[in-house]
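Have a look at the structure below, then the notes.
Every heavy atom of this structure was used, including side-chain atoms; hydrogens, water molecules and symmetry mates were not.
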Amino acid sequence: MTRRQIILVMVIIVMACKKPYNPTVIDSAKSYLVVEGVINTKDTTTIKLSRTVSLSSKIISNPVEANVTVESDAGKNYGLVEKSPGIYILTGVTLSDGPKYRLHIVTKDNNEYRSDYVQVKNAPPIDSIGFNLTAKGIQIYSNAHDVTNNTHYYRFEYVETWKFHSLYNSSWISDGSDIVRRTADQQVYYCYKSNNSSSITLGSTAKLTHDVLYQTPIIGIESTSEKIETKYSILLKQYALTAEAYKFWESLRKNTEQLGSIFDAEPTQLAGNIHNLNANSDIVIGYISAGSVATKRVFIANEQLPATFLVSYPYECQLDTFWYSNPHANGHNDVVEALVPKIELAAFDFGPDPPAKPLGFMGASPYCVDCTLRGSKKQPDFWK
């Protein structure tokens, strides 16, 4: 047998020995309670309850129905109201800083959970939010300090909102039988879109002499992103943490964002402060803190950025030609066939000047013309 034949046989053997590997965790029936939120002593408390789902499940959201209460060690209880499935709020109540607080949850299936009592820890103000230019775009950062030198541990969340536009500004729309001019209310060029933070951002001054956070990285935005093509806004939320809470969030960050290479930390079990009173071994994912939340909003206009920042449209857009009477296809009516049923949307007309009827239109995919497919035309109340 030649060397080439031997190699061929070995390859066939290796391929024949391959077996699919399906880890049991993918289809595990075990589901854990996830508790998100903080007890906000000076504003609305929002608690989200859900359960984990298996990786093979088609379910994305798994909200939990329950009775939720904030309890103080001074003997006062405050019931939360279900705003939407799995979302519970306590509003119109200001909690004093003296007592300790905990969360009490009784689910519909009569499982009872309590968090540990926690001391109120108020977040100091956010001094400023700015951005630096990077090789890829911009890096938004935050500055803060505590004059009492008592915070040391911080966590950040944000809601970003941006104004964007579709690639083509269409003046035409289908009325079901023909293509007519859009009214002012039918314009779909400019829209707004929002996004909540999904990564865990932490800051610590525990090893510093002064409790000062300088240019804490919050989010990076690429120069080609449509987030900054017109105007961008970020509402930053700053939380003060205890050392135990910081340890939990740091472990969660490492477990969810820093795994994948041989140099990353080993996964660790998350030790939160919420417990199942009916089953001590049940894992509950989450950590309840209490205190006020510092917020600050800033806007970044495109005019503040380098002219070299050129937006890359997120969809492949090609203009096609549609005739009322196609001279290249024996008078075939492309408009009625494609534009009237909105398979594509009219972007530009061609032919004689108004008031004469156009000979046809240049059209494109709806995503390239109608911004409402990716956002909302309603301008947020806070928008400048």
Side-chain angles (χ1 to χ4, degrees), residues 33-49 68-74 76 78 80 90 93-105 113-127 142-158 197 199-214 216 218 236-258 265 268-277 283-296:
L33 179 68
V34 180
V35 183
E36 302 173 72
V38 300
I39 299 173
N40 192 331
T41 55
K42 300 298 185 286
D43 205 339
T44 300
T45 293
T46 301
I47 302 296
K48 179 181 178 181
L49 302 181
V68 184
T69 308
V70 170
E71 301 175 345
S72 79
D73 63 357
K76 292 186 178 181
Y78 308 89
L80 278 68
L90 173 64
V93 176
T94 299
L95 304 177
S96 59
D97 292 346
K100 293 182 179 180
Y101 297 94
R102 70 182 179 188
L103 202 64
H104 185 194
I105 303 166
Y113 303 83
R114 279 203 186 105
S115 67
D116 299 332
Y117 278 118
V118 291
Q119 187 67 56
V120 172
K121 200 168 177 67
N122 296 319
I126 299 171
D127 293 332
S142 170
N143 294 317
H145 75 285
D146 182 4
V147 294
T148 66
N149 207 43
N150 194 43
T151 300
H152 303 306
Y153 300 101
Y154 300 78
R155 184 171 69 88
F156 300 90
E157 293 179 343
Y158 60 81
S197 53
S199 59
I200 298 171
T201 303
L202 303 171
S204 173
T205 64
K207 296 182 180 180
L208 303 179
T209 304
H210 301 289
D211 199 349
V212 177
L213 283 179
Y214 177 68
T216 302
I218 301 299
L236 184 64
K237 300 178 182 180
Q238 178 177 276
Y239 302 87
L241 303 178
T242 62
E244 294 77 16
Y246 182 86
K247 182 179 180 181
F248 167 83
W249 286 106
E250 178 67 6
S251 296
L252 182 61
R253 185 179 67 85
K254 290 179 178 179
N255 281 356
T256 57
E257 299 176 12
Q258 293 188 344
T268 57
Q269 182 161 327
L270 298 173
N273 66 345
I274 310 166
H275 316 284
N276 187 335
L277 303 184
I283 297 174
V284 182
I285 302 173
Y287 198 104
I288 292 299
S289 298
S292 63
V293 182
T295 63
K296 194 176 189 67

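Judged by distance alone, the side chains of Asp146 and His210 never bring a donor and an acceptor atom under 3.5 Å apart. A donor-acceptor contact under 3.5 angstrom links the side chains of Tyr239 and Glu157, judged on distance only.
Just one residue in the list Leu49, Val284, Leu277, Val68 forms a side chain to side chain contact (heavy atoms under 4.5 Å, CB included) with Tyr113, and that residue is Val284. Considering Thr46, Val70, Thr69 as possible partners of Leu80, the one that fulfils the side chain to side chain contact (heavy atoms under 4.5 Å, CB included) test is Val70.
Inter-residue side-chain proximity for Tyr158 and Lys237 is flagged as unmet; no heavy-atom pair is nearer than 4.5 Å. Annotation: side chain of Ile105 is in contact with side chain of Val35 (closest heavy-atom distance under 4.5 Å). Looking at heavy atoms from C-beta onward, Ser289 lies in side-chain contact with Tyr287 at the 4.5 angstrom threshold. Within the 4.5 Å cutoff, no side-chain heavy atoms of Ile285 are placed close to those of Leu33. Looking only at side-chain heavy atoms (C-beta outward), Tyr153 and Thr242 stay at 4.5 Å or farther from each other.
In terms of modelled atom types and a separation under 3.5 Å, the side chain of Asn149 and the main chain of Asp211 share a donor-acceptor contact. Put simply, the side chain of Ser72 gets close to the backbone of Ala74: a donor and an acceptor are under 3.5 Å apart. Although no hydrogens or angles enter the test, the distance criterion places a donor-acceptor pair under 3.5 Å between the side chain of Ser204 and the main chain of Ala206. Side-chain N or O atoms of Thr205 include none that pairs as donor or acceptor with a backbone N or O of Leu208 at under 3.5 Å. Of the possible polar contacts, one joining the Lys121 side chain to the Asn150 backbone as a donor-acceptor pair under 3.5 Å is found. Panel note: side chain Asn273, backbone Ile288; a donor-acceptor pair is recorded below 3.5 Å. Put simply, the side chain of Asn276 never gets that close to the backbone of Ile283: no donor and acceptor are under 3.5 Å apart. Panel note: side chain Thr45, backbone Asn40; a donor-acceptor pair is recorded below 3.5 Å. Side-chain atoms of Glu71 do not come within 3.5 Å of backbone N or O of Leu103 as any donor-acceptor pair.
Of all heavy-atom pairs between Tyr101 and Leu95, the closest is OH-CB, 3.5 Å. Nearest heavy-atom pair, Thr151 versus Pro124, reported as atom, atom and distance to 0.1 Å: OG1-CD, 3.5 Å. For the residue pair Gln238 and Pro125, the shortest heavy atom distance occurs at NE2-O, 3.7 Å. Closest approach of Pro99 and Val120 over heavy atoms only: O-CG2, 3.8 Å.
With values rounded to the nearest 0.5 angstrom, His104 atom NE2 is found 4.0 Å from Arg114 atom CZ. Rounding to the nearest 0.5 Å gives a distance of 8.5 Å between CG of Leu202 and CH2 of Trp249. With values rounded to the nearest 0.5 angstrom, Ser115 atom OG is found 6.0 Å from Ile274 atom CD1.
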Pair Thr295-Ile126, side chain to side chain contact (heavy atoms under 4.5 Å, CB included): steps then yes or no: CA-CA 7 Å; Thr295 63; Ile126 299 171; 5.5 Å; no
Verdict with reasoning, Leu213 to Phe156, per side chain to side chain contact (heavy atoms under 4.5 Å, CB included): CA-CA 12 Å; Leu213 283 179; Phe156 300 90; 3.9 Å; yes
Check against side chain to side chain contact (heavy atoms under 4.5 Å, CB included), Val38 and Arg155: CA-CA 12 Å; Val38 300; Arg155 184 171 69 88; 3.9 Å; yes
Steps toward salt bridge (charged side-chain N to carboxylate O under 4.0 Å, His left out) verdict (Glu250, Arg253): CA-CA 5 Å; Glu250 178 67 6; Arg253 185 179 67 85; 2.6 Å; yes
Intermediate values then yes/no, side chain to side chain contact (heavy atoms under 4.5 Å, CB included), His145 and Asp127: CA-CA 7 Å; His145 75 285; Asp127 293 332; 2.7 Å; yes
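The environment of Lys42 atom NZ is dense: over 12 non-hydrogen atoms of other residues, nucleotides or ligands sit within 6.0 angstrom.
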